Amino acid sequence: MADVAVPVPLAIPNLPTPAGAKAEVGAAPATPSSASSSSTPDVAFLDTPLRAPFDAIGQLFDHLRANPAAAEALNATYPTRGVFKAAAVRNGTSDQKLTVDLSPNRLSGVPDALRATLAPHGFDRVLEFFGALMTQHLDPVMGALGASAAGEGSNSGIDFAPLHRARNVNFRLCDYTPDTAAPQSENGCGAHRDYGTFSIIFQDGTAGLEVESPARPGVWLPVPADRVVVLCGWSAFVLSGGELRAVRHRVRRQPGVRRLSAVLFVAPDLDVVLRPLPTAKQTTRFSNAVTSGEISVSWFKEFMGKRWRYREGNAQLEDGERITQDVDIERLLLA
């Protein structure tokens, strides 16, 4: 822990509520643990000398947009869902952002020749950054989260490490460019909670990331744009017995302003069963599907993905039910 700092207590209670802020109509309810007095780090600022290469990230997006053949070749390496996603260029109701989604598995499918053509356009610098981020911070952050969620009679907290041996991670680059189908839309990324254990978000200094107040659902608190942010997701919520809160967040665009971010998503291994660990505090009542061990991380990711891909404009809803992603997950996980 010498070279990483995860402050406790964490940021949500101290984020300034905007003057005159009002709850949104139809705001999603807080998860049961949200109303507790927990000071566990479901939101944290990560103090690190590591800097995301935003010049390279912008260069990579510019290259892929300007060179459809390069984008097509990159997407062909992962034909299931693609790597460079630009639905917002055509769809004005989706999240108004472009993304590049990578993972160790997807990178193994990128031929050396293709990587060589992308290298002058920022690709290798992006990969070097994510490699350094994983090496320097993945295990320390995981350890800090586990230690903060210690249950009754436990001195060591929750040991998340055995559930993350396979490194089920994803690297995401986001370009909240004004050059989309709805250039005046403020919807950069719709309100949601992540599926995994935690996410580390590097921002380029442009405001837009907001988290929902745990005490006042529907009230959105701006996150300082110059900070590296750690947010817990649904998997941490379940495994910790509800002690680590899955943080609802969104990104609001400023019309005419480009915003870039780089995110590392960390999730349990795909074969892990999602249920509270024996050392968890058990602060939440979970559904029978959770307590009986019916939900694996692999199944949960696919279940949750149907609505995030719809929100991002990359898939159609199979069930036709237009409820939010969070409501869908609350139905599944909570008693």
Side-chain angles (χ1 to χ4, degrees), residues 52-53 56-91 94-95 97-131 133-134 138 164 166-177 180 189 192 194-197 199-202 233 235 260-271 296-318 325:
I57 292 169
Q59 186 180 11
L60 181 60
F61 275 112
D62 292 344
H63 176 70
L64 293 174
R65 286 202 69 175
N67 296 271
E72 184 177 349
L74 185 58
N75 285 339
T77 67
Y78 184 61
T80 304
R81 295 195 176 95
V83 174
F84 174 59
K85 299 166 186 174
V89 174
R90 304 175 301 277
N91 185 342
S94 70
D95 288 355
K97 64 182 178 185
L98 313 180
T99 61
V100 171
D101 288 310
L102 296 165
S103 68
N105 182 54
R106 294 182 193 182
L107 285 170
S108 68
V110 178
D112 290 343
L114 176 58
R115 181 165 171 169
T117 66
L118 296 173
H121 306 285
F123 192 73
D124 281 359
R125 288 182 60 201
V126 165
L127 299 185
E128 290 168 3
F129 161 73
F130 278 115
L133 176 56
M134 288 183 61
L138 193 157
H164 296 78
R167 291 301 194 240
N168 178 21
V169 300
N170 280 82
F171 315 137
R172 167 165 277 204
L173 308 176
C174 298
D175 183 357
Y176 298 93
T177 172
T180 63
C189 181
H192 68 287
D194 294 336
Y195 102 91
T197 309
S199 309
I200 303 178
I201 305 171
F202 283 72
S235 294
L260 299 171
S261 65
V263 187
L264 173 66
F265 296 105
V266 179
D269 299 342
L270 293 174
D271 60 354
S296 70
V297 171
S298 177
W299 184 90
F300 181 62
K301 180 179 181 181
E302 288 305 310
F303 178 84
M304 187 166 169
K306 65 184 181 182
R307 295 199 188 278
W308 90 52
R309 285 189 284 271
Y310 171 74
R311 190 190 76 241
E312 294 181 338
N314 297 311
Q316 298 297 315
L317 280 179
E318 296 178 3
Q325 176 180 293

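Fair warning: this is a prediction, and the values are worked out from it, not measured in the lab.
- A 4.5 Å side-chain heavy-atom check between N75 and V83 finds at least one atom pair inside the cut-off.
- In this structure, CG on D112 lies 11.0 Å from OG1 on T117, to the nearest 0.5 angstrom.
- Rounded to the nearest 0.5 angstrom, L270 CG and N168 CG are separated by 4.5 Å.
- L107 places a side-chain heavy atom less than 4.5 Å from the side chain of F171.
- Here the shortest heavy-atom pairing between A56 and R125 reads CB-NH1, 3.7 Å.
- Nearest approach of F129 to A262, heavy atoms of both residues: CE2-CB, 3.9 Å.
- Within the 4.5 Å cutoff, no side-chain heavy atoms of L64 are placed close to those of H121.
- The structure places CG of L118 at 5.5 Å from NE2 of H63, a figure rounded to the nearest 0.5 Å.
- Using a distance-only test at 3.5 Å, with no hydrogens or angles considered, no donor-acceptor pair links the side chain of R172 to the main chain of F265.
- V297 places none of its side-chain heavy atoms less than 4.5 Å from the side chain of D269.
- Considering all non-hydrogen atoms of both residues, L173 and F61 come closest at O-CZ, 3.4 Å.
- The CG atom of N105 sits 16.0 Å away from the CZ atom of R167 when rounded to the nearest 0.5 Å.
- Side-chain contact between L102 and F123 is present, with heavy atoms from C-beta onward closer than 4.5 Å.
- From N170, atom CG reaches atom NZ of K301 across 4.5 Å, with rounding to the nearest 0.5 Å.
- Taking the side chain as every heavy atom from C-beta outward, L138 and L133 never approach each other to under 4.5 Å.
- Considering only heavy atoms from C-beta on, D124 comes within 4.5 Å of R115 through its side chain.
- With rounding to the nearest 0.5 angstrom, the CG atom of L98 is 10.5 Å from the OH atom of Y176.
- Summarising the geometry of Y195 relative to F300, their closest heavy-atom pair is O-CE2, 3.7 Å, with the distance given to 0.1 Å.
- Of all heavy-atom pairs between L74 and T77, the closest is O-OG1, 2.6 Å.
- Using a 4.5 Å heavy-atom cutoff, the side chains of T99 and K97 are in contact.
- For G196 against A267, the heavy-atom pair with the smallest separation is CA-CB, 3.9 Å.
- With hydrogens and angles ignored, the 3.5 Å screen pairs a side-chain donor or acceptor of N91 with a backbone N or O of S94.
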